[in-house]
Structures are given as structure tokens and as C-alpha cells.
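Reading through the C-alpha cells given below for one structure.
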Amino acid sequence: MRAFTVIDAEQRSPEWYAARVGRLTGSVAGDMLAKIGKGEAAGRRNLRLRLVLERLTGRPQESDYMSLAMQVGLDREASAYASYEALTGDVAQRTGFLSHTEHMAGCSLD
């Protein structure tokens with residue numbers, strides 16, 4: 001039995017955002033693990049509050065912030081897949097969102 005369910009949704013689509021609601025994801029792993037000495041890092045506190053809001057409302061609270069580097073990555077994603085496939089001979093299989101079946105966690109393989 002798999003420990004996850006595949007939610008077939010294009011990344012950054014409304015369905016993909018809905019699948020992530022209230023879940024820890026790879027995108028926020030740094031905030032999840034952040035510490036400052038004996039206190040709590042602001043990123044970790046903000047993540048906890050965001051997850052609580054998402055679980056209570058059922059609505060995504062993710063920022064729509066897009067840095068220049070993030071936009072460049074999105075713009076080059078298709079050619080990066082094509083280059084990988086040409087160099088390796090392997091076909092890159094895309095998945096939607098992998099939702100853990102026991103924990104409120106998940107990720108997209110990209």
C-alpha cells in the first residue's frame with residue numbers, strides 16, 4: 001500500500017493549491033525546521049499560523065510572490081525537461097501533488 005495519494009493537477013493550478021491546503025510541503029521545509037537559539041524563528045511561527053488558517057478555512061493562504069529567479073525558472077522549465085530527456089534518453093514523468101495518506105504533508109516532484 002502506498003503512503004501517498006497522487007492528485008493529478010497541474011502545478012500552480014487551483015486544484016494543485018487546493019491539494020496543498022493545510023499541509024506541510026517541500027516548499028516550506030526550511031521554515032518548518034527554522035530555529036533561533038532558544039526561541040522560535042519568525043518563518044516557523046508564520047508557517048504554523050498559515051497552516052492553522054488553512055485548516056480552519058479550507059482556503060490556501062500561500063503568498064503569490066514571484067521573484068525574478070522564480071520566474072526565470074518557470075520560463076525555462078519546459079526547455080530544462082527537454083534537455084534532461086535529450087541528454088539521458090529518459091522520459092521525465094510529471095506528477096501532480098503527492099498527498100501523504102497519514103500525515104498532513106505532501107510534495108510535488110519537480
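Side chains are part of it too, since the values below use all heavy atoms of this structure and drop only hydrogens, waters and symmetry mates.
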Item checked: Between Thr101 and Arg2: side-chain donor-acceptor atoms closer than 3.5 Å -> no
Notebook entry, point to check: In Å and rounded to the nearest 0.5 Å, what is the OG to CZ distance from Ser99 to Phe4?
Noted result: 10.5 Å
Next item on the list: Report yes or no: does Arg23 contribute a side-chain atom to a donor-acceptor pair with the main-chain N or O of His103 at less than 3.5 Å?
Entry: yes
Note to self: As an exercise, state the distance from CE of Met104 to CD of Glu54, rounded to the nearest 0.5 Å.
What the structure shows: 8.5 Å
Item checked: Single-linkage hydrophobic cluster, 4.5 Å side-chain cutoff, Leu56 and Leu49 together -> no
Next item on the list: Identify the two heavy atoms, one from Ser108 and one from Gly96, that lie closest to each other, and give their separation to 0.1 Å.
Entry: OG-O, 3.5 Å
Next item on the list: Grab the two heavy atoms, one from Cys107 and one from Gly26, that are nearest each other, plus how far apart they are.
Entry: CB-N, 4.4 Å
Item checked: Leu24-Leu33 co-clustered via ILVMFWY side chain contacts under 4.5 Å -> yes
Next item on the list: For residues Met66 and Leu74, report the shortest heavy-atom separation together with the two atoms involved.
Entry: CE-CD1, 3.3 Å
Notebook entry, point to check: Nearest heavy-atom pair of Tyr65 and Ser63: which atoms, and what distance?
Noted result: N-OG, 3.0 Å
Margin query: Determine whether a donor-acceptor pair (N or O, by modelled atom type, separation under 3.5 Å) exists between the side chain of Gln11 and the backbone of Trp16.
Written below: no
Check: If you draw a 6.0 Å radius around CZ in Arg55, do more than 12 non-hydrogen atoms from other residues or ligands fall strictly inside?
Finding: yes
Next item on the list: Determine whether Tyr17 and Ile7 fall in the same hydrophobic cluster, where Ile, Leu, Val, Met, Phe, Trp and Tyr are linked whenever their side-chain heavy atoms lie under 4.5 Å apart.
Entry: yes
Checklist line | Single-linkage hydrophobic cluster, 4.5 Å side-chain cutoff, Leu87 and Tyr84 together | finding: no
Notebook entry, point to check: If you measure from CD on Gln61 to CG on Leu51, what distance do you get to the nearest 0.5 Å?
Noted result: 10.0 Å
Next item on the list: With rounding to the nearest 0.5 Å, note down the distance linking NE2 in His100 to OG1 in Thr25.
Entry: 14.0 Å
Note to self: Working to the nearest 0.5 angstrom, can you tell me the gap between Glu15 CD and Arg20 CZ?
What the structure shows: 14.0 Å
Check: More than 12 foreign heavy atoms under 6.0 Å from CZ of Arg76: is that the case here?
Finding: no
Notebook entry, point to check: Would you say Gln71 and Asp75 make side-chain contact, with heavy atoms under 4.5 Å?
Noted result: yes
Notebook entry, point to check: Below 4.5 Å, heavy atoms only, C-beta onward: do Leu109 and Leu98 meet side chain to side chain?
Noted result: yes
Check: Quick one: are Ser27 and Glu62 in side-chain contact, heavy atoms under 4.5 Å?
Finding: no
Notebook entry, point to check: CG of Asp8: more than 12 outside heavy atoms within 6.0 angstrom?
Noted result: no
Check: Side-chain contact, heavy-atom cut-off 4.5 Å: Met32 with Leu47?
Finding: yes
Item checked: Distance (rounded to the nearest 0.5 Å) between Arg45 CZ and Ile36 CD1 -> 9.0 Å
Margin query: Could you tell me if Arg94 sits above the aromatic ring of Tyr81, with its cationic atom closer than 6.0 Å to the ring centre and no more than 45 degrees from the axis?
Written below: yes
